[in-house]
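As structure tokens, the structure follows; a few thoughts come after it.
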Amino acid sequence: MTVPVRLSVVVPLHGGEEHAEECLESLRDQTLDDLEVILVGRPQGLRPPDHRFTLLTLGDGGDDPGTARNAGATFATGRYLAFADPGSVVPADAYRALVGALDHTGSDLACGRIRTWTPHAWDRTPVPAQKARLRTHITRHQKLLDEPRAGGTVFRREFWNRHGFAFTAGLGEDFPVTIPAHVLSTSADVLGDVVCLTRGSRTSADPLRRLEAMLEVSDLLARRAPQLRTAYDLRLAEGPDLAVVLEAVRDRVPDRLAEVLGRLGRLDPGAVERLPVLRRLQIHFAAHGMTGELAELRTFAASEIRHRGVLRRGLRPRRWYLDYPFRRDPRLPRSLFDATRDLRLVACVDDVRHADGRLALTGHAYIAHLDSGRSRIELWLQRGEERITLPVQRTRRPDVTADSRQSVACHDDSGFETVIALDALPAGRWALHARVQVRGVIRAGRVIGAPGERVFDAGNVRVSLTRDRGLTLGPRAGGGPQPDPVGPQPDPVGPQPDPGGLVSTVGRTESGGTISAVRWTESGELVLEGTGRCPADRIVLECGAERHSWPVRRDEATWTAVIGRTAEGLPLRSGTWRVLALSPAGGDERVRVSPALVADPPRPRVTGFHETAVRTSRDGELSLAVRPALGPHERGPYATRRRRAAAPRRTALRNAAVFDSYGGGQYSCNPRAVSEELARRHPDMEIVWVTRDGQFTVPPGVRLVLFGSREHEEALRTSRFVVANRRTQPGWYRKPRGQTVVQTWHGTPLKRLGLDLDDMPYAQRVPRDELARQVATWDLLLSPSPFATSALRGAFGYEGEVLESGYPRNDVLFDPARGRAVRRRLGLPDGRRVILYAPTWRDDDTTGRLALDPVRAAGALGDDDVLLVRTHYLVARDMRIPDGDRIHDVSTFPDMADLLAAADVLVTDYSSAMFDFACTGRPMVFFAHDLERYRDEVRGFYFDFEAEAPGPVLRTGDDVLDVLRHGDLGQFAARYERFARRYCPWDDGHASARVVARLRP
């Protein structure tokens, strides 16, 4: 008779998992010997580490983790059952501890802590274990609701079979199993040790399917654990899945969606009452089939919600209501608009400094939706039930109003300053709290911290200022700078941020050098001065996929790096930049600052168009936060409302023209061509260009203004001409009498636009009233063809003048010298065939993933070919493409038109670049791997793309490479000629001149 193993571990595989071997190695090394591992699905190319591993190959459904797990559970023979993700790592003692707990207690399942995996997870000091909770239950330990992953759980097999648990096929989620298992269990063991290291990356499930599964769990809780339902339904109602589903509701609701929406009416009333008014209204409309009202509410949320405030109504008691649409609709209960939950406390410590034995704090506190002018602010330190009241000095903070993202309430008077005498502070762990009272409303709670985290010692006190926990004060620790917790801490169950770096800070800081001083030069360069040994050759700043570096200068005891403009001659763009040390071997290490600098960092500095702030992490890692240098009276909806109210009715216009390309993002496209032609023909005309982030240069004599600044406002109010290629004028813009606004647009439309997107659920739409406001300012719309004229008029509802001039940006395509100059600038040798790969972006996939692997493509092409890769400008900053002799990333090259001028072949999908490139007569290849989905679901087309495309329309990358290597693109000559004749009949190299002649400056 065969004795069953103690534990069966099921690992779903579909082939090609990047980290599966690490997972299997961790399972092989388990100290629990009596186990079997079942690899289920399509484990292609994986070799089982030893005899305990069994391959179970599936045909249909082999790619689905839920189906694979269910098959593995049926096949398993163990007394206990566990599931491991192929991207996870299981510590060696984890299963022994979990199975041992179940043997000891007789519980139905056991779980432990899940920790986020990092490359150094094994090399650092182990994380201290938390207190275990044996023979507990989810109703007594509700933190189990927070992490429903199966990866850190072992189930008693008899319990699993008795309840018939199964993972939902096609969902890829664990909670439909783990939460019911906890609810139906007699007891569960919760260990304090880390039992799973996870990378936290799974394919996102369909939001509607997730919502269906969550509603089923909610129904189970209502029957078996009603005390948990309020907390669970609140998570469901606040979650992103419901938001996505509600956003997709249109007039015609499919039966399945209608059934799910109807079930929203059964959500726990206590949970619904805790929601903001907007979400309560959305749920009510969806549950009652009020799709028209839901659509109106969607438009309101996209454009007007920030401009609506609260109203006080009633006699006894007088209550606050939000002034939202349908407030007077008799069909709706008044309670839907009750603003109690929206009147929340906003309290933040912005800075803390140590001097003369005291801590000086600055911050702000207010109640959302209510003016702060007559508010009362109280501050205190709290430890358990003990309080220490702090003095409060009120300060003016117009920046708080500017950053509040609304235009109704003024929070200029919400600032505070206070001091804490450290020598009089009793020992213990203290947290900062605030209480705000205004117009009869009182809110109190913990004060959060500003972005960035600072941990430093002030005498015998450890000072910790973090985003989530705010300011905490505790005893000075003898080890690393990990902040002390305040009050009793719950046992973590979900994935925990990796704290290993807090333990070994000193050693790693010495290896990478420590920054002891940060200062700015008069020219705006940032100087980092370090002490100790710095092995790095260069200091690197990294934001997303973008990296820039500067050299390190060393002497015997110190090192210095001067951070100025990038290699392209531009300032750093807005964003948070990690500061790294690049060693000669090519590895990166985070750069850290000295404890003294953490305690007293430099103030933010405005240089040019940017404001730069120094930020640190808990263990002193340095980052730079960069944003446009707009003052508090220039940014935010409240400033917009002030500008509208103060705008003069009449203004004398100057002989000036304002140009805006892609919302201030580039010096390019049609506006650039018109600008340069205007400057040639009328040198007395002042040329002003708008920049949103200072990320381009302009010719001598052209003035740059920052988008949204007072200079921008003055230029728009006083210039005779405004030329733009998108709907990007600020909300406060009011067109003065006599001004001419030219809308050039930025491409012939294959993809549907504007008003034609109403039935495309993924497309990003501009609210109709906002679109109408923008279009009403246009005096002249440029068009490259009669086809484009018809499409643009319909898409924008535009009835004004159209100039079929051809596209000014295409003038360069008729100048051979321009293409040769671009090739020289890119360092491309003469005689090589230049292939430009320029796909469009996809509204349903903002990652910008490339369908054609550029590295593989460059390697497969001929030796005389060079591949230029131009990702769409909306995602270009988030992608990194390696440069080499045969491949160049030109995603941030200033102007697409120049790249088209330099290219011999264009490879694209649905980009409007095809219409421009048709002017050249050079071949095009179309990689339309997702044609049906993009055409029918994502954007929609204005014509039959497959029938009219002036080149081969291909579905696979191999086909694209084959055509580029061996294809006869000349066979499309007749179709190419028809395409050019229809879509770019007026492009001849003189479109810019025709536009300037029409303007009559």
Side-chain angles (χ1 to χ4, degrees), residues 18-19 22 116-125 197 199-201 451-453 480-481 497-518 525-554 558-568 570-594 597-598 612-626 855 876-884 889 891-892:
E18 183 179 0
H19 303 285
E22 296 172 59
T116 301
W117 186 94
T118 70
H120 308 291
W122 298 116
D123 301 331
R124 298 178 179 177
T125 303
L197 296 166
R199 288 177 174 83
S201 57
E453 299 181 324
D498 175 20
L502 303 177
V503 177
S504 54
T505 298
V506 175
R508 289 187 291 116
T509 297
E510 288 177 352
S511 68
T514 304
I515 295 177
S516 56
V518 176
E525 294 176 317
L526 179 65
V527 180
L528 306 179
E529 297 178 349
T531 57
R533 185 177 61 88
C534 180
D537 290 329
R538 301 183 72 83
I539 292 294
V540 176
L541 267 64
E542 180 180 73
C543 182
E546 187 174 351
R547 289 166 63 96
H548 303 285
S549 68
W550 291 264
V552 172
R553 302 185 184 93
R554 304 184 185 90
T558 63
W559 56 271
T560 303
V562 180
I563 310 300
R565 290 183 170 263
T566 67
E568 294 79 21
L570 300 172
L572 292 172
R573 67 176 175 91
S574 296
T576 300
W577 295 83
R578 301 193 309 158
V579 183
L580 309 170
L582 179 63
S583 68
D588 292 337
E589 285 192 51
R590 291 299 301 267
V591 171
R592 290 168 172 79
V593 301
S594 67
L597 196 54
V598 173
T612 302
V614 172
R615 290 182 183 168
T616 59
S617 66
R618 297 189 186 201
D619 54 346
E621 295 174 337
L622 177 65
S623 298
L624 301 178
V626 182
V855 176
R877 298 292 187 181
D878 299 319
M879 302 186 65
R880 185 184 302 169
I881 298 168
D883 271 334
D889 183 4
S891 299
T892 58

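In this text, all values refer to a predicted model and were calculated from it rather than measured experimentally.
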Inset, instruction - Taking salt bridge (charged side-chain N to carboxylate O under 4.0 Å, His left out) as the test, write out the residues that go with R578, two or more places apart. - result: E542
Inset, instruction - Check whether any side-chain N or O of W550 sits under 3.5 Å from a backbone N or O of R565 as a donor-acceptor pair, and report yes or no. - result: yes
Inset, instruction - Would you mind checking if D588 and R538 are paired as a salt bridge, meaning a charged N to carboxylate O distance below 4.0 Å? - result: no
Inset, instruction - Spell out, as yes or no, whether a donor-acceptor pair under 3.5 Å connects the side chain of T616 to the backbone of E453. - result: yes
Inset, instruction - Would you indicate whether the side-chain heavy atoms of L528 and L622 approach each other to under 4.5 Å? - result: yes
Inset, instruction - Measure the OG1-CD1 distance between T560 and I515 for me, rounded to the nearest 0.5 Å. - result: 10.5 Å
Legend entry - All salt bridge (charged side-chain N to carboxylate O under 4.0 Å, His left out) counterparts of E525, not counting sequence neighbours: none
Legend entry - Side-chain touch L572/T566, heavy atoms, less than 4.5 angstrom: yes
Legend entry - Partner of L541 under side-chain contact (heavy atoms from CB on, under 4.5 Å), chosen from V626, V579, L580: V579
Inset, instruction - For D883, enumerate each residue passing the salt bridge (charged side-chain N to carboxylate O under 4.0 Å, His left out) test, keeping only those at least two apart in sequence or located in another chain. - result: none
Legend entry - Atom pair CD/CZ of E529 and R553 - distance to nearest 0.5 Å: 11.5 Å
Inset, instruction - Would you sort out whether V593 and T514 count as a side-chain contact (heavy atoms from CB on, under 4.5 Å), showing the intermediate values? - result: CA-CA 5 Å; V593 301; T514 304; 5.7 Å; no
Inset, instruction - Report yes if some heavy atom in the side chain of T576 is under 4.5 Å from a heavy atom in the side chain of L624; otherwise report no. - result: no
Legend entry - Spatial distance of atom CZ (R554) from atom CG (D537) [nearest 0.5 Å]: 5.5 Å
Inset, instruction - Might you point out which heavy atoms bring V540 and S549 nearest each other, and give the distance in Å? - result: CG2-CB, 3.9 Å
Inset, instruction - Compare all side-chain heavy atoms of W559 with those of I539 and state whether any distance is below 4.5 angstrom. - result: yes
Legend entry - Atom pair CG/CD1 of L526 and I563 - distance to nearest 0.5 Å: 6.5 Å
Legend entry - Closest contact, heavy atoms only, V591 versus A581: CG2-N, 3.6 Å
Inset, instruction - Could you tell me the separation between the CG atom of D619 and the CZ atom of R592, rounded to the nearest 0.5 Å? - result: 4.5 Å
Legend entry - Test side-chain contact (heavy atoms from CB on, under 4.5 Å) applied to E546 and T892, step by step: CA-CA 10 Å; E546 187 174 351; T892 58; over 6 Å; no
